[in-house]
Protein chains: 2
Amino acid sequence: MSVDEDVNIRLSAFYTAISDDLDRTVEFWLKYSHDEEFGGFFTCLEADGKVYDERKFSWLLCRQVWTYARLYNDMPRYHQAHILEAARKGSEFIMKYVKDPKTNKCYLTLTREGKPIKSQRTIFSESFYVMAMAEMYRATKGDTYKKEAMAMMKQIVHWVKVDGSGLGPKIPQPTPTSSLAVPMILLMLIDQLGLMDPAHAGGYNDLADWCLEDVLKHVQRGGVVLENVSADGEELHGSEGRLINPGHAIETGWVLLDRAVKQGKEELKQVALDTFITESFNRGWDDEFGGLFYFIDADERPLVQLEWDMKLWWPHNEALVALLMAYKYTGEDKYLKMFAKVFDYSYGHFVDFKNGEWFGYLSREGKVKINAKGGEWKGCFHVPRSLMMCERLLREILQKQ
Amino acid sequence: MSVDEDVNIRLSAFYTAISDDLDRTVEFWLKYSHDEEFGGFFTCLEADGKVYDERKFSWLLCRQVWTYARLYNDMPRYHQAHILEAARKGSEFIMKYVKDPKTNKCYLTLTREGKPIKSQRTIFSESFYVMAMAEMYRATKGDTYKKEAMAMMKQIVHWVKVDGSGLGPKIPQPTPTSSLAVPMILLMLIDQLGLMDPAHAGGYNDLADWCLEDVLKHVQRGGVVLENVSADGEELHGSEGRLINPGHAIETGWVLLDRAVKQGKEELKQVALDTFITESFNRGWDDEFGGLFYFIDADERPLVQLEWDMKLWWPHNEALVALLMAYKYTGEDKYLKMFAKVFDYSYGHFVDFKNGEWFGYLSREGKVKINAKGGEWKGCFHVPRSLMMCERLLREILQKQ
């Protein structure tokens with residue numbers, strides 16, 4: 001058997017495992033998360049799907065609508081009426097309860113019935129609202145969804161670039177900092193709106209350039225992605241400045257790589273591959289127990305984050321996407337090897353073959369620490385998004401070979 | 001050998017171990033944490049005392065001044081010029097850099113040189129500032145310290161009871177909540193100011209009554225101390241409402257117990273003993289690996305706090321104080337047994353017999369997870385405060401027997 005045949009066998013095995021896992025995962029959310037009484041989705045679900053907290057979380061409500069709509073739009077076997085109906089019912093709930101129509105701000109937490117509990121001074125709830133609406137427009141061509149997406153995007157850009165006072169009051173900070181999350185999510189929104197309607201893609205070129213510049217500020221020390229830098233793009237003092245979030249850097253890596261390839265930006269492609277993906281992966285991987293650390297210190301000094309050595313599900317989801325995309329675009333064997341490493345760790349530790357979905361939080365040693373499939377920050381999003389993208393990438397790679 | 005003799009031998013052994021530990025701990029901070037160049041204290045210290053982050057943290061700067069001054073004031077073997085001098089130099093730094101004289105707000109984080117980095121919308125930096133100043137007045141009778149303490153206390157009471165706008169802007173929350181921390185710290189300040197000058201003690205009676213009422217709102221379900229309740233004293237929705245922080249409840253327990261005994265409040269004494277201390281201890285103790293969990297859920301459902309099952313140093317410091325105080329005031333053997341359990345776990349896991357101070361963060365299984373003695377939130381405070389109080393309690397108990 002030739003090397004190529006070996007590779008093809010492995011790629012096909014990945015494809016089958018990932019495709020089966022996506023089906024188990026979607027089944028889990030369809031079966032356990034729908035609130036038939038009040039609408040919307042429960043996300044605080046125990047290992048077997050039992051609800052342990054009836055509150056609802058705007059990020060996760062919007063992301064679940066996006067996931068169902070994306071499945072319906074892009075995955076032929078999910079282009080089914082009941083998937084679209086699940087997305088539609090979810091979007092009804094979010095349009096009714098998540099957004100405060102007076103301020104355009106979206107709440108962070110709601111009661112089961114949709115009453116607001118908490119607000120947050122960020123653009124994240126609002127960004128996921130845009131994602132959900134834009135993907136619903138792709139699915140239905142319903143004008144309301146498109147209008148909602150465009151209006152909220154305009155509002156977000158205003159808050160970020162012109163005047164943030166509408167986000168709510170802010171405690172003035174003596175030293176302003178810049179986190180990787182804001183330019184990253186804006187790049188994702190730009191991609192999403194371009195997908196919704198290619199006619200709009202050009203309208204965000206200036207914003208995209210600004211985002212790229214802001215993201216690249218985080219590359220410090222000649223090639224290390226630091227999570228927090230000063231607003232001027234300098235390394236911050238002490239532990240805060242040295243903090244690396246490998247999963248987040250790798251996620252940014254695939255967003256940049258995808259953009260660089262589509263726009264023929266060779267230099268950006270290399271930064272995405274070498275710095276955001278490879279360097280962050282090598283630093284973040286735990287050689288002793290396997291898996292990606294949640295946080296590391298660029299100088300290997302002690303961390304202040306208590307959960308630094310835990311293995312969280314989503315960095316592994318992001319790494320699967322980034323490494324497979326890197327393999328597809330370069331054909332370099334090293335990326336496939338790294339992908340296989342993450343795949344083996346994930347399917348040996350995170351995946352629940354019985355009930356579907358992944359466990360979210362493991363100890364450094366790989367033991368399940370929170371015996372649940374979802375919570376305040378984990379819902380129907382990272383796992384299915386990653387599996388959808390990997391299934392598609394694998395199909396494209398296999399077809400090419 | 002009679003039971004009493006057995007008990008006395010064990011009490012004497014505790015006394016010696018704790019007294020030695022206090023000496024090792026104070027030595028650690030004197031040796032490694034002083035910044036001879038810019039003043040103030042480093043707290044980000046590795047296991048052997050090496051500085052890994054030069055930033056300075058207002059909570060910890062103030063607490064270290066308090067600790068040195070309290071050692072000087074209350075522990076005859078520390079009533080020495082170099083201890084007072086260490087406290088004095090620290091208080092010079094905090095009076096110069098921690099407080100913004102225009103607003104009376106204290107910063108949260110500073111650079112090594114004392115430049116402000118971060119601010120926070122709470123009263124905690126300011127409360128520890130009061131603690132430091134009040135204890136410095138006890139040590140020196142210097143009027144400036146007393147004036148600073150009284151003025152800042154007045155300011156805090158204004159922020160909490162009259163108008164919080166001076167704390168900085170606040171995002172309005174649809175459902176206001178009440179956390180155990182605010183009334184707790186105010187009770188500690190009232191005790192501290194009464195100790196500074198007994199003439200002032202009576203002036204805070206109304207405030208103390210309000211604090212007690214607010215603390216007791218957290219007793220729910222007929223005898224469980226919940227960390228967060230609604231402003232009206234109702235249980236909150238879901239996981240947030242069910243959250244128990246055993247260390248915090250137990251710490252509140254000894255503050256209430258001390259106050260109840262000194263003021264002859266029998267009912268409060270029983271609530272402190274049965275609910276805050278015993279019930280929280282029994283729920284919080286990990287029967288499998290020993291030690292107190294950081295967080296638990298009142299219904300034993302999954303937690304959203306990733307660090308829920310870690311063993312942190314300070315709940316064990318608080319439990320040592322609370323259980324020994326409970327034993328002193330009741331003479332009940334069960335409290336001494338519980339104390340011995342915490343003592344054995346702590347001296348088997350947290351204590352660094354070689355370099356002094358305790359490790360701060362262990363895994364559920366008892367392995368050191370952050371190989372450091374201090375950080376952004378751990379400095380020279382919980383360990384020496386607990387050891388001072390336990391040494392004194394043990395001496396009083398032994399003298400009585």
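Numbers restart at 1 for each chain; the letters A, B, ... are given by sequence-line order, proteins then strands.
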- Item | Contact leader toward chain A among Cys44(B), Gly375(B), Pro116(B), where contacts are heavy-atom pairs under 4.5 Å | Pro116(B)
- Name the region of Arg55(B), side chain, backbone, both or neither, that has any atom closer than 4.5 Å to a heavy atom of chain A. side chain
- Could you state the interatomic distance from CG (Leu312(A)) to CG (Leu306(B)), rounded to the nearest 0.5 Å? 6.0 Å
- What distance do Glu46(B) atom CD and Arg301(A) atom CZ have between them, rounded to the nearest 0.5 Å? 4.5 Å
- Taking atom CG of Asp53(A) and atom CD of Glu240(B), what is their separation to the nearest 0.5 Å? 9.0 Å
- Item | Proximal component of Gln305(A), with respect to chain B [non-hydrogen, under 4.5 Å] | backbone
- Per-residue contact mode, Glu365(A) against chain B (heavy atom under 4.5 angstrom): side chain
- Message: Within this structure, what is the NE2-CD distance for the pair His237(A) and Glu113(B), rounded to the nearest 0.5 Å?
- Response: 6.5 Å
- Lys367(B) versus chain A, the contacting section by heavy-atom distance below 4.5 Å: side chain
- Task: For atom NZ of Lys118(A), decide whether the heavy atoms of other residues, nucleotides or ligands shown that lie under 6.0 angstrom number more than 12.
- Result: no
- Message: Please identify, among Gly168(A), Gly238(A), Ser239(A), the residue contributing the most non-hydrogen atom pairs under 4.5 Å to chain B.
- Response: Ser239(A)
- Task: Pick one of side chain, backbone, both or neither for Trp308(A), based on which atoms fall under 4.5 Å of a heavy atom in chain B.
- Result: side chain
- Item | Between Arg242(B), Lys50(B), Gln120(B), Glu307(B), the one whose heavy-atom pairs under 4.5 Å with chain A are most numerous | Arg242(B)
- Task: Check each atom of Arg112(B) against the heavy atoms of chain A and say whether the ones under 4.5 Å are side chain, backbone, both or neither.
- Result: neither
- Under 4.5 Å from a heavy atom of chain B, the part of Asn371(A) involved: backbone
- Query: Rounded to the nearest 0.5 Å, how far does OH of Tyr52(B) lie from CG of Asp299(A)?
  - Reply: 13.0 Å
- Task: Under 4.5 Å heavy-atom distance to chain A, tell me which part of Glu376(B) shows up: side chain, backbone, both or neither.
- Result: both
- With a 4.5 angstrom heavy-atom cut-off, which part of Thr111(B) approaches chain A: side chain, backbone, both or neither? side chain
- Query: NZ of Lys369(A) to CZ of Arg364(B): how many Å apart, nearest 0.5 Å?
  - Reply: 6.5 Å
